[in-house]
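What follows is a short report on a single structure.
Being a predicted model, the structure only gives us computed values, none of them experimental. Just so you know, ligand 1 is whichever comes first in the structure, and atom 1 is the first atom listed for that ligand.
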Amino acid sequence: MVSPDSSRIGSRGMRVAGNFRYIQFILVILCGNVFLLAPAFSQNNTNIEFRDQGRVVRTLSLTDFGAIAAVVSLKVFEAHEKKERAYQVYPVRPLLDHVFGKTWEKAEEIVFTSTDGYQPSIPVARFLAHDAYFAFASADGAPFTLINVLQNNELVQLGPLYLVWDNLQSTALLADGASGMPYQVIGIELTTFAVRYPNLSPPVQASAQAQRGFLHFRKHCLACHTINGEGGGKAPELNYPASVTEYLKPEYLARWIENPTSIRYNTVMPPLAKEIPNRTTVTQEIIAYLRAMSAAKRMPKKTP
Ligand code: HEC
């Protein structure tokens, strides 16, 4: 069970990232020997795709971003490194206003697609309640990378865009950990959750505990994992054909969620954010959701 899963994740991540890396590679060749300049060059010319309910409405390069919004420097609590850090950023709202018009505020969720397969769906309400920014460089000229302490100290590239929040004064944002902070963003889509993810909802007769677990799962797990084939492409499917609640003992499942490295040495799955209030209850509610979904298996369809 262990190794087939891990190898599948590897190849999936590679496939998602493949085209992007290939384009960068070509750009490096086109730039001849000026290898060091190539990443900056390719970064400014990377196209970010904007979709509305699946339809592509716009593609913009980072150079285009500069004509729409003003660059500012922003200090944030860097949840992936667990320390403060400053980035050069564009405010998100004027960019969304420019691409979608004010109607984006009426949408339900925004799905972000990252080159590594990460794909969080973030409620629009969060963008209305807090100030979000797209970081595109470090403020101090340091490489636009970080050491992700939540993923076994993996060194990750943050570009082309990294979604950050003005979170230093917000207990609500700080309590969410790194959820809602996708890096390597190349796609931004307005969506309606139930339409885009029709096979994720627990059955109507599922307990209130499972319904609450569904909300936690959306926020903390779905960006990486799929249920019935729907969700992020960075980690294994958890429900089909066999649910993790069927092949993992409940106490090990809870441990896996709260402390993955206590089960698998060097795993890159991050623990459920330590900052979450009532974390043990949240874990149990997520497990109740996963158990409810084991009674609602659907064969995965290919999603666009
Ligand atoms: C940043 C990405 C990421 C997030 C967020 C994440 N996971 Fe994972 N998860 C992984 C990866 C990668 C693996 C495979 C790790 C391995 O095999 O070492 C994994 C493995 C698992 C497994 C083991 C599956 C198996 O069959 O071996 C379970 C169960 C699981 N995750 C549940 C969850 C739950 C529940 C959440 C939300 C609380 C969650 N994960 C959040 C990346 C993530």
Passes salt bridge (charged side-chain N to carboxylate O under 4.0 Å, His left out), Glu108 versus Arg196? Steps please.
CA-CA 11 Å; Glu108 192 188 314; Arg196 196 173 198 286; over 6 Å; no
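- Here is the list of ligand 1 atoms found below 4.0 Å of a heavy atom in Leu253: 29 (C).
- Residues that satisfy the ring pair (Phe, Tyr, Trp, His ring centres under 6.0 Å) test with Trp165, not counting sequence neighbours, are Phe127.
- Distances below 4.0 Å separate heavy atoms of Ile257 from the following atoms of ligand 1: 35 (C), 38 (C).
- Listed for the Thr192 side chain is no donor-acceptor partner under 3.5 Å among the backbone atoms of Val195.
- Linking ILVMFWY side-chain heavy atoms closer than 4.5 Å, directly or via other members, places Tyr240 and Ile227 in two distinct hydrophobic clusters.
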Dump the intermediate steps for side-chain hydrogen bond (donor to acceptor under 3.5 Å, both in side chains) on Glu49 and Thr59, then the final yes or no.
CA-CA 4 Å; Glu49 197 173 69; Thr59 54; over 6 Å; no
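- Counting atoms of ligand 1 from 1 in the listed order, those under 4.0 Å from a heavy atom of Gln151 are 1 (C).
- Within the set Met269, Arg218, Glu154, the minimum heavy-atom distance to atom 39 (C) of ligand 1 is found for Met269.
- Using a cut-off of 2.8 Å, one finds that Cys224 contributes no N/O/S atom close to atom 8 (Fe) of ligand 1.
- Ring to ring, Tyr289 and Phe214 are close: their centroids are under 6.0 angstrom apart.
- Close contacts between ligand 1 and Pro236 involve ligand atoms 13 (C), 14 (C), 19 (C) [criterion: under 4.0 Å to a heavy atom].
- Per-residue contacts place Thr267 under 4.0 angstrom from the following atoms of ligand 1 (heavy atoms of the residue considered): 15 (C), 16 (C), 18 (O).
- The ligand atoms of ligand 1 that sit less than 4.0 angstrom from a heavy atom of His220 are 5 (C), 37 (C), 41 (C).
- The distance criterion of under 3.5 Å between nitrogen or oxygen atoms is met by His225 with respect to ligand 1.
- Of the listed residues (Leu238, Val268, Thr283), the one carrying the non-hydrogen atom nearest atom 12 (C) of ligand 1 is Val268.
- Close approach of ligand 1 to Val244 (heavy-atom distance below 4.0 Å) involves ligand atoms 29 (C).
- Taking every heavy atom of Tyr247 and a limit of under 4.0 angstrom, the matching atoms of ligand 1 come to 25 (C), 26 (O).
- The shortest heavy-atom distance from Pro270 to ligand 1 is under 4.0 Å.
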